[in-house]
Protein chains: 2
Amino acid sequence: MSAETDSTTRALADPLRLRIVELLANEQLCTCHIVELTGAGQTNVSNHLRVLRDAGLVVAEPVGRYSYYRLRADALVALSDTLANLAARAGSAEQRPRPCD
Amino acid sequence: MSAETDSTTRALADPLRLRIVELLANEQLCTCHIVELTGAGQTNVSNHLRVLRDAGLVVAEPVGRYSYYRLRADALVALSDTLANLAARAGSAEQRPRPCD
DNA sequence: CGCTGACATCAGCACAACCTGACGTTATCA
DNA sequence: TGATAACGTCAGGTTGTGCTGATGTCAGCG
């Protein structure tokens, strides 16, 4: 398993971050919008956005004093493909357990 | 976002659990095999298997004094589809940011 | 039956993660 | 240029999570 897969799943393993990702899937948003839409504190949102940024899930483009965030679709696709691949392998391996020697 | 998505991503957000899922994608294994293959302690593996079980990612079928675990492909497919859907939406929303009013 | 091995649960500790309040930086506007 | 608003960072307290050792349960085997 790639280390990227691990960091991506960990970045998604928080309800607020998952909510932010969901919001960014619909439209680009700046931090203040995310703060309004989620009801979370500004500092909190900023910290979570940092985690998502470090994981490569979102990118920030500063416009004046605002920071617009957008989702990186390729990062989501990469994880989606990895999981689909695991599922496909699991489907063909379900019938024969390794014997306990 | 569904609550199931959240619990699934959280269950995968650990390197050892991710490794276990990867191993189970290839073949059914009992706890002692997983302990050998990962090098982790038996108690540790058992705890992680419980998390994966609670998240619906694996199922255990007891055979004698052994417990064989297998991956639930449908759980992985569900998460994979959710992520792919988000990525698809993000791809079509990348060009128009919401104005900061 | 007693013993051993596979597995789970429980209690405890160490560390990481999340949340908040205070502060600093930068950009816009009167 | 002073005020304000957006955003980030830092320090703290609290909660959660992973790992371990001890203990309990149950199945197979001599």
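Only heavy atoms go into these numbers, but all of them, side chains included; no hydrogens, no water, no symmetry mates.
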What integer distance in Å separates [X]:[atom1] from [N]:[atom2]?
X: Arg10(B); N: dA17(C); atom1: CZ; atom2: P; result: 13 Å
X: Asn44(A); N: dT9(D); atom1: CG; atom2: P; result: 14 Å
X: Glu36(B); N: dG5(C); atom1: CD; atom2: C1'; result: 13 Å
X: Ile20(A); N: dC19(C); atom1: CD1; atom2: C1'; result: 13 Å
X: Asp54(A); N: dC18(C); atom1: CG; atom2: P; result: 12 Å
X: Tyr66(A); N: dA5(D); atom1: OH; atom2: P; result: 11 Å

Are Ser46(A) and Thr43(A) linked by a side-chain donor-acceptor pair shorter than 3.5 Å? no
Are Ser80(B) and Ser80(A) linked by a side-chain donor-acceptor pair shorter than 3.5 Å?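 Ser80(B) vs Ser80(A): donor-acceptor pair found between side chains.
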Less than 4.0 angstrom between a side-chain N/O of [X] and OP1 or OP2 of [N], yes or no?
X: Tyr68(A); N: dC7(D); result: no
X: Thr31(B); N: dA8(C); result: yes
X: Arg50(A); N: dT9(D); result: yes
X: His48(B); N: dC19(D); result: yes
X: Tyr69(B); N: dA8(C); result: yes

Kindly give the atom pairs (protein nitrogen or oxygen, nucleotide nitrogen or oxygen) under 3.5 Å for nucleotides 21-26 of chain C.
unit_1	atom_1	unit_2	atom_2	d
dA22(C)	N6	Thr43(A)	OG1	3.4

For the hydrophobic clusters of this structure (ILVMFWY residues joined by side-chain heavy atoms under 4.5 Å, transitively), does one cluster hold both Leu71(B) and Leu16(B)? yes
According to a hydrophobic-cluster definition based on side-chain heavy atoms being under 4.5 Å apart (Ile, Leu, Val, Met, Phe, Trp, Tyr only), do Val58(B) and Val35(B) belong together?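 Per the 4.5 Å side-chain linkage, Val58(B) and Val35(B) are co-clustered.
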Is any side-chain heavy atom of [X] closer than 4.5 Å to a side-chain heavy atom of [Y]?
X: Arg70(A); Y: Val59(A); value: yes
X: Arg17(B); Y: Val51(B); value: yes
X: Leu24(B); Y: Tyr69(B); value: yes

Heavy atoms under 4.0 Å, any strand shown: does Ser46(B) hit a base, just sugar-phosphate, or nothing?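 Touches a base.
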Which residue, Cys32(B) or Asp14(A), contacts DNA chain C at a nucleotide closer to its 5' end, judged by nearest heavy atom? Cys32(B)
